[in-house]
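One structure below.
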There are 2 protein chains.
Amino acid sequence: MTITIKDVARKANVAPSTVSRVIANHSTISTKTKEKVRAVMEELGYYPNVNARNLVNNHTNVIGVIMPSATYAPFHNPFFPEVLRGITTQANEQRYGLYLSTSQTDLDILEEVKEMVYSRRVDGIILLYSTVADPVIDFLLDRSFPFVVVGQPPEQLKESVFFVNNDNVKAAKMVTEYLLLLKHERIAFVGGRQDAFVTIDRKNGYIEALEASGIQIDESLLVYHDEIFEGGEKAVIELMSQKNPPSAMIVTDDLMALGVLRMLFSMNVSVPDDMSVVSFNNVLMSKLSTPPLTTLDIHIHELGYKAAQMLRQCILDPKASPKSHIVNHHLIRRATSKTFNGMSI
Amino acid sequence: MTITIKDVARKANVAPSTVSRVIANHSTISTKTKEKVRAVMEELGYYPNVNARNLVNNHTNVIGVIMPSATYAPFHNPFFPEVLRGITTQANEQRYGLYLSTSQTDLDILEEVKEMVYSRRVDGIILLYSTVADPVIDFLLDRSFPFVVVGQPPEQLKESVFFVNNDNVKAAKMVTEYLLLLKHERIAFVGGRQDAFVTIDRKNGYIEALEASGIQIDESLLVYHDEIFEGGEKAVIELMSQKNPPSAMIVTDDLMALGVLRMLFSMNVSVPDDMSVVSFNNVLMSKLSTPPLTTLDIHIHELGYKAAQMLRQCILDPKASPKSHIVNHHLIRRATSKTFNGMSI
DNA sequence: CTGAAAGCGCTTACAG
DNA sequence: CTGAAAGCGCTTACAG
């Protein structure tokens, strides 16, 4: 029923090997033969069986994309759809396919990755998360399997791993300096998962900026929460119930900032008049909030696009030495930041 | 280097065929042999090559997921990540893999789908969009390839296609009735793409409800826009500049409703005091807006989950007659809807 | 209960 | 420039 290379060979009066060669567009095949064979392929509606092809070629032209486990509700954060979009764009250009992980727990992820590589399902892997200790990275490294991480690998592996990232330290430093220039001095830091590098790096940037301007770090102004939205609300409660609350808040995620905004609103703290809020990511809805968020655009789409591009090089030249790419960022000033008004709340 | 079935056969002193049978857990193999072989597989770290296996089995245990073309910025709408999550959950339970489309244009989609089926990349397909005339559906039907659409197939194909959907007519009718009970009489309808069935069905439900309560349809109150967010803003301008503006708006998408809210806010029209707004989908951020949206929850996750489940049946029994599944909906009352206050704005 | 053999649909040295 | 043959790593009738 399904038509194979033999069928077109027969009809075109050539050997199967010849058909195979015109598919691969070998230069040794005469133009005449190519045309003849192509006409027959067209006529018969021939499509190569990728499974047979993958078997002999020992590669698949598909890349595996590993999402964080469902535990962290990745799909609730627009960051992931957006990187995915970047990856998709580049994969499409390269004519690579995309195979998506389905793991629901952290433990499953390792298993799924192993299956992908051992079973030869994919030619390379993109990791959409990065935490301090990740067995997946160790495994991939050990197998010398092509992969790139979006985010930052553990410090001691920075030389051995391909990755694309933002300079989150610098970015957070800049955001903090911006707030300092706006005359804020009590600036709070609201972060996410403490074992995630984004959180750590951004906290460090924040601290660097404060120290550089001679401001003493007040530990009570640093608050962390895992939950993407409710975390923001909780943070506000903790911060505002202090004797000397901050006049500005740096929030490491737009969604969390929405939680912050909501809670502030319900407490009748006016943004930006009584409180400045600056967040990160510039996700679509950061401009839809009331008021629209001042946020740091980290060019999420580009993170994904570059990752796919880098992975391709890494697949093509497996012994290439690890590279990294730092994606730019820029501040989007909208309506949640303002000069300190001097009043205490 | 890579270890195959032959290697374990040799080491276990059995034939390759026997190894294959213990992998498949054939009942004909003695427990003793099974144990022996499994021990060797474990020891050698054997994993089957899926490409070889797929080639002979002529199936792959992976399902293809087709996103709308990038033109409609699917990843900007949280609907898609959420269905994807539902699909992922079910696929993981069934031990199916996920292959994601990467097409950037409508035209590409057909090509990509053809490639998926002819090349035997996937065993079945889930279509994440549904429009009035879709060559993809025709193609799939023609090839009798297993597929299910999330949303609604064209009317004349309803008997021939597997699909999971909401009862959007009923849902919109209910939403409209809710507003009518709140004493609103001039209720506007703000829809998305006019060739999308969601839009059409919801409009029909709206009309049904109005007619049933004897209210004359005012065409100037029906407005459509393609752009997910800006569309909402434009709609407000059109609606509010009328001599006799509405006191309530039904918006077919939460994101669009955010646009609506923003524009209303900038025009100093207070929600819900001077204007009620009810939307659809109950996407995460609908509760993060100010004020939080009254919206119709359509159980997006379940749409995806059921679609994957149905696809599986459809793959297992290809000659089964087409089924459909209607997912429930329910109204989430939050802060954007209120009894008509009798004042004209 | 298990083995030998053929075959899935390709590709790629090796000849000519 | 093209063909015949072997092989990729599995599975599954067919024997025994």
Side-chain angles (χ1 to χ4, degrees), chain A residues 1-41 44-62 97 115-123, chain B residues 1-41 44-62 97 115-123:
Chain A
M1 186 66 265
T2 116
I3 97 111
T4 76
I5 221 172
K6 280 184 191 165
D7 300 315
V8 355
R10 197 175 309 122
K11 185 137 191 173
N13 273 311
V14 294
S17 45
T18 302
V19 176
S20 175
R21 283 189 271 251
V22 347
I23 293 172
N25 201 16
H26 273 214
S27 55
T28 61
I29 303 290
S30 73
T31 318
K32 214 176 133 206
T33 308
K34 279 187 184 169
E35 279 169 3
K36 184 175 56 178
V37 172
R38 281 188 187 130
V40 176
M41 296 197 325
L44 261 37
Y46 171 76
Y47 268 79
N49 180 316
V50 290
N51 298 120
R53 173 180 277 183
N54 291 348
L55 175 58
V56 3
N57 287 338
N58 212 23
H59 66 244
T60 59
N61 282 133
V62 356
E115 203 270 343
M116 279 191 201
V117 348
Y118 284 133
S119 304
R120 327 205 132 252
R121 255 182 217 291
V122 300
D123 294 345
Chain B
M1 186 65 268
T2 116
I3 97 110
T4 76
I5 221 172
K6 281 184 192 164
D7 299 316
V8 355
R10 198 176 308 121
K11 186 137 191 171
N13 273 312
V14 294
S17 43
T18 302
V19 177
S20 174
R21 283 190 269 252
V22 349
I23 294 171
N25 201 16
H26 273 214
S27 55
T28 61
I29 304 289
S30 73
T31 318
K32 214 176 134 205
T33 309
K34 279 186 184 170
E35 280 169 2
K36 183 174 58 178
V37 172
R38 281 190 187 128
V40 176
M41 295 197 324
L44 261 36
Y46 170 76
Y47 268 80
N49 180 315
V50 289
N51 299 120
R53 172 179 278 186
N54 292 346
L55 176 57
V56 4
N57 286 338
N58 212 23
H59 67 244
T60 58
N61 282 130
V62 356
E115 204 271 341
M116 280 192 199
V117 348
Y118 283 133
S119 303
R120 322 200 136 256
R121 256 183 215 291
V122 300
D123 293 345

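Bear in mind the structure is a predicted one, so any value in this text is a computation, not a measurement. In what follows, chains are A, B, ... by sequence order, proteins preceding strands, each numbered from 1.
- The side chain of A:T18 places no N or O atom within less than 4.0 Å of a non-bridging phosphate oxygen (OP1 or OP2) of D:dC1.
- Close to C:dC10, at under 4.0 Å from its OP1 or OP2, lies a side-chain N or O of A:Y46.
- Straight-line distance from the CZ atom of B:R53 to the P atom of C:dC8: 19 Å, rounded to whole Å.
- In terms of phosphate contacts, B:N54 brings no side-chain nitrogen or oxygen within less than 4.0 Å of OP1 or OP2 of C:dG9.
- Per the geometry, NE2 belonging to B:H26 stands 13 Å off C1' belonging to C:dC1, to the nearest Å.
- The listed nucleotides are C:dG3, C:dT12, D:dC8; the one nearest the side chain of B:R21 is C:dG3.
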Requested in this report: Given side-chain hydrogen bond (donor to acceptor under 3.5 Å, both in side chains), test A:N54 with B:R121 step by step and report yes or no.
Outcome: CA-CA 11 Å; A:N54 291 348; B:R121 256 183 215 291; 5.8 Å; no
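- Dashed line: the shortest gap from a side-chain N or O of A:N57 to OP1 or OP2 of C:dT12 is under 4.0 Å.
- Mapping A:Y47 and B:A15 onto DNA chain C by nearest heavy atom places B:A15 at the nucleotide closer to the 5' end.
- Judged purely by distance below 3.5 Å, without hydrogens or angles, the side chains of A:S30 and A:T33 pair a donor atom with an acceptor atom.
- When the C1' atom of D:dG3 is taken as reference, atom CD1 of A:I29 falls 10 Å away, rounded to whole Å.
- Rounded to whole Å, atom P of C:dC1 lies 12 Å from atom NZ of B:K32.
- Using modelled atom types and a 3.5 Å distance limit, the side chains of B:N25 and B:K34 yield a donor-acceptor pair.
- In terms of phosphate contacts, B:S30 brings a side-chain nitrogen or oxygen within less than 4.0 Å of OP1 or OP2 of C:dT2.
- Note: B:R53 CZ to B:N61 CG = 8.5 Å, rounded to the nearest 0.5 Å.
- Rounding to whole angstrom units, CD1 of residue A:I5 and C1' of C:dC10 are separated by 6 Å.
- Heavy atoms of B:T28 sit under 4.0 angstrom from at least one base atom.
- At D:dG9, none of the side-chain N or O atoms of B:T4 fall inside 4.0 Å of OP1 or OP2 (strictly under the cut-off).
- Nucleotide D:dC10 holds its C1' atom 13 Å from the CG atom of A:N49, rounded to whole Å.
- For A:R120 against D:dG9, no side-chain N or O and base N or O form a donor-acceptor pair under 3.5 Å.
- One can place NZ of A:K6 at 16 Å from P of D:dG3, the figure rounded to the nearest angstrom.
- Nearest approach of A:A9 to A:A15, heavy atoms of both residues: CB-C, 3.8 Å.
- Under the side-chain contact (heavy atoms from CB on, under 4.5 Å) rule, A:Y46 has a single partner from A:I23, A:T2, A:D7, which is A:I23.
- Atom-to-atom, CG of B:N58 to C1' of D:dA13 comes out at 17 Å; the value is rounded to the nearest Å.
- In terms of polar N and O atoms assigned as donor or acceptor, the side chain of A:S17 never comes within less than 3.5 Å of the base of D:dA5 in a complementary pairing.
- The side chain of A:L55 lies closest to D:dG9, out of C:dG3, D:dG3, D:dG9.
- Using the Watson-Crick or G-U wobble rule with both distances under 3.5 Å, C:dA4 pairs with nothing in any strand shown.
- Remark: D:dA13 base-pairs with no nucleotide in the shown strands. Criterion, Watson-Crick or G-U wobble with two distances under 3.5 Å.
- Each of B:P16 and A:V56 was assigned the nucleotide of DNA chain C with the nearest heavy atom; the assignment lying further toward the 5' end belongs to B:P16.
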